[in-house]
Amino acid sequence: MAPPAPWSLQTRLELAAWPTAPGVARGHVRAVACEWGLAGLADTAELLASELVTNAVQASQRLPVSAGQAAVPVIRLRVTSDGACLVVHVWDASGQMPVLKDTAADEENGRGLMLVSTLGKDWGCYRTAEGGKAVWVLL
């Protein structure tokens with residue numbers, strides 16, 4: 001499925017693929033949702049952005065290191081809105097597409113996409129022209 005078309009309200013943020021990236025993404029998404037008059041979506045958008053960025057950090061850590069590549073991979077966060085809905089997009093350089101898993105209650109990891117699927121109106125992923133992939137969620 002193709003991502004939703006871009007809307008008039010947009011913001012972009014590049015982050016180093018470090019463990020601090022999810023927290024930075026949470027703060028950015030919350031601030032933007034409130035600034036755009038969508039404070040009612042802020043909690044959910046913040047949580048789902050954090051989950052997607054966490055997945056992107058983990059995918060970036062698995063990338064092979066090659067000459068000419070940045071020492072720390074980059075993650076790109078993009079948030080778009082039409083004034084009523086938000087779409088959170090997270091790009092990373094890994095070409096490995098995410099898989100929604102059925103996780104057991106006692107597992108420590110693997111619930112991120114389940115949260116995205118449950119709390120978002122729709123979600124998906126796509127490969128990008130620059131390489132890598134983007135995962136998006138509509139709220």
Side-chain angles (χ1 to χ4, degrees):
M1 172 181 266
W7 294 329
S8 59
L9 298 169
Q10 297 188 37
T11 182
R12 297 171 192 269
L13 182 64
E14 285 197 0
L15 302 164
W18 287 339
T20 54
V24 174
R26 282 192 303 271
H28 184 71
V29 169
R30 172 171 287 288
V32 166
C34 291
E35 179 181 327
W36 291 346
L38 299 169
L41 297 176
D43 288 344
T44 304
E46 178 182 19
L47 172 64
L48 299 185
S50 178
E51 294 296 334
L52 293 180
V53 170
T54 296
N55 288 352
V57 168
Q58 291 171 348
S60 296
Q61 290 171 347
R62 294 188 296 267
L63 290 171
V65 178
S66 62
Q69 183 182 29
V72 177
V74 172
I75 294 167
R76 294 186 184 108
L77 170 69
R78 183 166 58 102
V79 184
T80 60
S81 178
D82 64 354
C85 298
L86 282 175
V87 181
V88 176
H89 309 251
V90 177
W91 175 89
D92 65 67
S94 172
Q96 186 175 359
M97 300 304 270
V99 176
L100 181 61
K101 299 177 193 172
D102 187 20
T103 57
D106 61 344
E107 290 184 62
E108 289 185 24
N109 298 312
R111 290 184 185 79
L113 284 180
M114 186 172 54
L115 285 172
V116 168
S117 176
T118 301
L119 299 176
K121 285 187 177 186
D122 197 6
W123 76 279
C125 55
Y126 57 98
R127 296 190 191 284
T128 63
E130 72 225 57
K133 59 150 173 331
V135 183
W136 59 269
V137 61
L138 170 67
L139 302 163

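This is a predicted model, so every value here is computed, not measured.
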Listed pairs under 3.5 Å, donor-acceptor, residues 44-53 side chains, sequence neighbours left out:
from: Glu46; atom 1: OE1; to: Arg30; atom 2: NE; distance (Å): 2.9
from: Glu46; atom 1: OE1; to: Arg30; atom 2: NH2; distance (Å): 2.7
from: Ser50; atom 1: OG; to: Arg26; atom 2: NH1; distance (Å): 2.9

Heavy-atom distance under 4.5 Å between the side chains of [X] and [Y], does that happen here?
{"X": "Trp91", "Y": "Thr128", "value": "yes"}
{"X": "Leu13", "Y": "Val24", "value": "yes"}
{"X": "Trp18", "Y": "Val72", "value": "yes"}
{"X": "His28", "Y": "Leu77", "value": "yes"}

Would you give the length of the straight line joining atom [atom1] of [X] to atom [atom2] of [Y], rounded to the nearest 0.5 angstrom?
{"X": "His89", "Y": "Thr80", "atom1": "NE2", "atom2": "OG1", "answer": "3.5 Å"}
{"X": "Lys133", "Y": "Asp92", "atom1": "NZ", "atom2": "CG", "answer": "3.5 Å"}
{"X": "Ile75", "Y": "Asn55", "atom1": "CD1", "atom2": "CG", "answer": "10.0 Å"}
{"X": "Asp43", "Y": "Leu139", "atom1": "CG", "atom2": "CG", "answer": "11.0 Å"}
{"X": "Ser81", "Y": "Leu41", "atom1": "OG", "atom2": "CG", "answer": "8.0 Å"}

With sequence neighbours left out, write down each residue that passes side chain to side chain contact (heavy atoms under 4.5 Å, CB included) with [X], or none if nothing qualifies.
{"X": "Gln96", "result": "Arg62, Ser94"}
{"X": "Arg127", "result": "Met97"}
{"X": "Ser117", "result": "Leu100, Trp123"}
{"X": "Ala39", "result": "Cys34"}

Would you name the heavy atoms of [X] and [Y] that are closest together and state the gap between them?
{"X": "Val135", "Y": "Pro98", "value": "CG2-CG, 3.8 Å"}
{"X": "Ala84", "Y": "Leu38", "value": "O-CD2, 3.8 Å"}
{"X": "Val137", "Y": "Gly120", "value": "CG2-CA, 3.8 Å"}
{"X": "Trp36", "Y": "Val79", "value": "CH2-O, 3.5 Å"}

Applying side-chain hydrogen bond (donor to acceptor under 3.5 Å, both in side chains) to Glu14 and not counting sequence neighbours gives Arg76
